[in-house]
Every structure is written in C-alpha cells, then in structure tokens.
Amino acid sequence: MDPFTLRRIESIMDGYIHQKVPGDLKVSVRLKHEIVDNQLTLAEERATSLRNEWERVDIVQFRFESQQWKVYAKNGENTWSFVEIISPSEDFERQLEQVEIDREGLFWKS
C-alpha cells in the first residue's frame with residue numbers, strides 16, 4: 001500500500017472509531033485497528049476485571065488484493081474467511097460501510 005493510501009485509510013479509521021464508540025463507553029470498550037502489509041484488522045477491546053488489562057476480539061479484516069479491498073470475517077474455526085456477500089471493491093469506504101450495515105450479523109455480535 002502506498003503512503004498516501006495508508007494515511008487516507010488511517011484517517012478514515014480514526015474518524016470511524018471516534019464516532020462508533022459513545023463517549024460514556026470509552027472507559028470499558030474501545031475499537032482498535034492495525035495495518036500489517038496490505039491487511040487492516042479492526043478489533044474490539046473490552047476492559048477485564050484486572051486493572052489495565054483489555055480482552056481483544058477481532059471483528060473484521062480488510063485485505064487489499066489485486067487493487068481491490070476484500071472483506072474477511074472469523075469463522076467457526078477462528079480463522080479468517082472471505083465474505084462472499086460483500087463484493088471486492090476499489091473503494092475502502094464502501095467496504096467499511098458494508099461492514100457497518102452488517103445485514104447478515106457477521107461482524108457486530110451482541
């Protein structure tokens with residue numbers, strides 16, 4: 001991923017995370033993202049009963065492959081599987097929007 005695209009994606013994710021978690025919940029729930037090579041993983045962290053410790057659950061992974069963003073979700077074996085109902089797209093924001101809508105309940109579990 002080129003530096004411009006990387007900065008753009010970081011900015012999009014920072015804004016998304018800021019809006020997604022209400023202020024009063026930020027002491028117990030937080031969203032984090034990490035980019036490694038051409039993969040961005042979004043995870044939720046919740047405070048544990050131990051002071052200053054957080055439990056992490058991966059929510060979604062976006063992979064930039066063949067100049068398109070593909071969306072992956074964790075399956076029953078806790079490995080990443082391509083989400084076929086979300087078509088690959090050059091537009092990262094479109095993919096993030098599809099994850100937010102989550103019509104199939106793959107990402108935002110209660």
Side-chain angles (χ1 to χ4, degrees):
M1 201 176 326
D2 65 87
F4 175 79
T5 301
L6 183 60
R7 281 192 304 275
R8 180 177 168 273
I9 299 302
E10 289 277 357
S11 178
I12 290 167
M13 291 305 298
D14 289 345
Y16 175 75
I17 288 169
H18 179 74
Q19 289 182 341
K20 182 74 174 167
V21 181
D24 59 329
L25 292 180
K26 290 184 180 185
V27 295
S28 60
V29 177
R30 62 187 182 192
L31 292 179
K32 295 283 189 168
H33 74 280
E34 63 182 0
I35 298 175
V36 177
D37 298 325
N38 289 339
Q39 298 178 0
L40 182 151
T41 304
L42 177 64
E44 177 184 87
E45 295 181 340
R46 291 189 178 259
T48 67
S49 58
L50 300 174
R51 187 177 175 101
N52 297 325
E53 290 198 22
W54 295 81
E55 183 176 281
R56 176 185 165 127
V57 176
D58 291 333
I59 297 169
V60 61
Q61 191 171 82
F62 302 91
R63 296 181 187 175
F64 192 63
E65 301 171 337
S66 303
Q67 301 302 306
Q68 293 190 317
W69 289 99
K70 297 179 181 178
V71 178
Y72 290 76
K74 289 277 181 114
N75 61 28
E77 288 87 46
N78 205 31
T79 59
W80 294 107
S81 294
F82 174 64
V83 177
E84 293 182 18
I85 59 171
I86 301 176
S87 300
S89 175
E90 295 176 357
D91 184 355
F92 176 80
E93 287 176 283
R94 179 194 176 282
Q95 302 303 70
L96 182 59
E97 181 179 283
Q98 294 302 307
V99 168
E100 177 64 22
I101 293 168
D102 195 16
R103 288 190 175 104
E104 302 295 320
L106 298 172
F107 310 107
W108 301 108
K109 300 172 174 110
S110 328

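Just so it is clear, the model here is predicted, and its values are computed rather than measured. Count residues from 1 along the sequence.
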In Å and rounded to the nearest 0.5 Å, what is the [atom1] to [atom2] distance from [X] to [Y]?
X	Y	atom1	atom2	result
Glu34	Arg56	CD	CZ	4.5 Å
Ile12	Gln95	CD1	CD	12.0 Å
Glu45	Ser28	CD	OG	12.5 Å

Heavy-atom closest pair, residues [X] and [Y]:
X	Y	value
Phe107	Ile59	CD2-O, 3.5 Å
Arg94	Ser89	CD-OG, 3.6 Å
Asn38	Met1	OD1-N, 2.9 Å
Tyr16	Trp108	OH-CZ2, 3.3 Å
Ile17	Leu31	CG2-O, 3.6 Å

Going by heavy atoms in the side chains, are [X] and [Y] under 4.5 Å from each other?
X	Y	result
Trp80	Lys74	yes
Ile101	Glu97	yes
Leu40	Met13	yes
Val83	Val60	no

Trp54 six-ring centre to Lys32 NZ/CZ under 6.0 Å and within 45° of normal: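 So Lys32 doesn't make the cation-pi contact.
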Ion pair Arg8/Glu93, N-O distance below 4.0 Å: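 Result for this pair is yes, salt bridge flagged.
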Pair Glu55 + Arg46, salt bridge at N-O below 4.0 Å: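 Looking at Arg46 together with Glu55, the answer is no, because their closest N to O distance does not fall below 4.0 Å.
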Candidate list Glu65, Glu84, Glu90, test salt bridge (charged side-chain N to carboxylate O under 4.0 Å, His left out), partner Lys70, passing option: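 With Lys70 as partner, salt bridge (charged side-chain N to carboxylate O under 4.0 Å, His left out) holds for just one option, Glu65.
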Test log, rule side chain to side chain contact (heavy atoms under 4.5 Å, CB included), inputs Leu106 and Ile85: CA-CA 11 Å; Leu106 298 172; Ile85 59 171; 4.2 Å; yes
Using only atom types and a distance under 3.5 Å, with no angle test, would you say the side chain of [X] pairs donor to acceptor with the backbone of [Y]?
X	Y	answer
Gln68	Arg63	no
Thr48	Glu53	yes
Asn75	Ser81	no

Asp37, CG atom: more than 12 neighbouring heavy atoms under 6.0 Å: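 Result for CG/Asp37: open.
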Aromatic plane relationship, Phe92 with Trp69 - under 30° parallel, 30 to 60° tilted, over 60° perpendicular: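 Rings of Trp69 and Phe92: perpendicular, over 60°.
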Same apolar cluster: Tyr72 and Leu42, side chain cutoff 4.5 Å: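 No, separate clusters.
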